[in-house]
> 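Please find one structure pasted underneath; my questions will follow.
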Amino acid sequence: LFDTLWMAGLFYSVVSVLPQLWLINRTGGVVHACTGHYIAMLAVSRALSGIFMWHARFDITCTPWIEGVNHSIWAILSAHVLHLILLGDFGYYYIKAVMQQGLDFKLELPCADVV
C-alpha cells in the first residue's frame with residue numbers, strides 16, 4: 001500500500017507542475033525571483049531523485065507483468081524524465097536570468113504571447 005501511494009504521489013507531483021507553467025504563461029510570462037527559485041529547485045530535486053533511482057534500479061522489485069521486465073522502475077524513471085522535460089525550457093531561461101541579473105531577477109519568458 002505504501003509503495004502504491006508513493007508512486008501515485010510521484011505521478012501527481014509530475015503533473016502538478018503543469019498548472020504552474022500554464023499560470024506563468026497566462027500572466028504574461030513574468031516570473032519573479034521567489035517563484036523562479038521554487039520551480040528551479042523542483043527541477044533540481046527531481047534530477048537528484050532521478051539519479052538516486054537510477055542507481056537503485058536493481059534494488060526496486062515488483063511482480064512482473066511481462067516476464068523479465070521490471071515495469072515499476074521504468075515507470076519511476078519515466079516520471080522523472082517527463083518532469084525534467086516539462087521544466088527544461090524554464091531551466092534554460094532561469095539560468096540565463098540568474099547569470100545576467102543575479103539572484104534577484106525578474107524573468108520574462110518569450111513564449112508568453114502563445115495562449
Side-chain angles (χ1 to χ4, degrees):
L1 178 65
F2 173 76
D3 292 339
T4 303
L5 293 175
W6 179 85
M7 191 173 282
L10 172 68
F11 294 150
Y12 177 74
S13 70
V14 169
V15 176
S16 70
V17 77
L18 290 175
Q20 293 170 343
L21 297 176
W22 177 79
L23 187 60
I24 289 170
N25 193 13
R26 295 289 292 180
T27 58
V30 176
V31 181
H32 296 284
C34 190
T35 305
H37 295 318
Y38 171 73
I39 295 173
M41 289 305 109
L42 279 176
V44 169
S45 169
R46 189 62 64 206
L48 293 174
S49 177
I51 291 169
F52 173 77
M53 289 298 170
W54 176 257
H55 289 292
R57 69 186 182 277
F58 298 115
D59 298 324
I60 298 174
T61 60
C62 67
T63 305
W65 294 343
I66 300 171
E67 192 63 37
V69 177
N70 185 355
H71 64 277
S72 63
I73 191 60
W74 292 112
I76 292 168
L77 291 174
S78 298
H80 282 80
V81 168
L82 177 62
H83 199 202
L84 290 175
I85 288 171
L86 290 173
L87 294 177
D89 185 51
F90 175 83
Y92 168 76
Y93 289 107
Y94 171 81
I95 291 171
K96 186 176 172 183
V98 168
M99 295 300 226
Q100 291 176 349
Q101 303 172 26
L103 290 176
D104 191 26
F105 63 87
K106 185 173 183 181
L107 178 61
E108 295 187 24
L109 298 175
C111 62
D113 297 337
V114 179
V115 177

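What's counted below: heavy atoms across the whole structure, side chains too, no hydrogens, waters or symmetry copies.
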> State yes or no: do L42 and V98 share one hydrophobic cluster built from I, L, V, M, F, W and Y residues joined by side-chain heavy-atom distances below 4.5 Å, directly or via other members?
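Linked within one cluster.
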> F58 and I73: side chain to side chain contact (heavy atoms under 4.5 Å, CB included), yes or no, with the steps?
CA-CA 9 Å; F58 298 115; I73 191 60; over 6 Å; no
> Using residues 4-17 as the side-chain source, report each donor-acceptor pair under 3.5 Å to any protein atom, sequence neighbours left out, with the distance given to one decimal.
| unit_1 | atom_1 | unit_2 | atom_2 | d |
| --- | --- | --- | --- | --- |
| S13 | OG | G9 | O | 3.4 |
| S13 | OG | L10 | O | 2.8 |
| S13 | OG | R46 | NH2 | 2.7 |
| S16 | OG | S13 | O | 2.8 |

> Check for me, please, whether I95 and I39 land in the same ILVMFWY cluster - side-chain distances under 4.5 Å, paths through other members count.
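I95 clusters together with I39.
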> For the atom pair NE2 (H71) and OG (S78), what is the distance rounded to the nearest 0.5 Å?
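H71 atom NE2 to S78 atom OG measures 12.0 Å (nearest 0.5 Å).
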> Using the rule that Ile, Leu, Val, Met, Phe, Trp and Tyr join whenever any side-chain heavy atoms are under 4.5 Å apart, tell me whether W54 and I76 fall into a single cluster.
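Yes; tracing contacts between hydrophobic side chains, which count when under 4.5 Å, links both residues.
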> Which heavy atom in G36 sits nearest to a heavy atom in V31, and how many Å separate them?
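Closest pair (atom of G36, atom of V31, distance): N-CG1, 3.5 Å.
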> Which value, rounded to the nearest 0.5 Å, describes the distance between R57 atom CZ and D59 atom CG?
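Going from the CZ atom of R57 to the CG atom of D59 covers 10.0 Å.
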> Which residues pass the side-chain hydrogen bond (donor to acceptor under 3.5 Å, both in side chains) test with S49, not counting sequence neighbours?
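H80.
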> Report yes if the side chains of L21 and N25 come closer than 4.5 Å at any heavy-atom pair, otherwise no.
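They are not in side-chain contact.
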> Kindly compute the distance separating CG (L87) from CG (L82), expressed to the nearest 0.5 Å.
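Here the rounded value is 9.5 Å.
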> Strictly by side chain to side chain donor-acceptor pair (under 3.5 Å), give each pair with a member in residues 29-45 just once, sequence neighbours left out.
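Matches after skipping sequence neighbours: H37-Y94.
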> With a sphere of 6.0 Å drawn around CE of M99, does it hold more than 12 non-hydrogen atoms of other residues, nucleotides or ligands?
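Count not over threshold, so no.
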> Same cluster or not: are L86 and L84 linked, directly or through other Ile, Leu, Val, Met, Phe, Trp or Tyr residues, by side-chain heavy atoms under 4.5 angstrom apart?
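Result: no, two separate clusters.
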> Answer with yes or no whether the hydrophobic clustering places I24 together with Y92; edges join I, L, V, M, F, W, Y residues whose side-chain heavy atoms lie under 4.5 Å apart.
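Yes, I24 and Y92 fall within the same hydrophobic cluster.
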> Please assess L107 against V30 for the test side chain to side chain contact (heavy atoms under 4.5 Å, CB included), listing each intermediate value before the final yes or no.
CA-CA 6 Å; L107 178 61; V30 176; over 6 Å; no
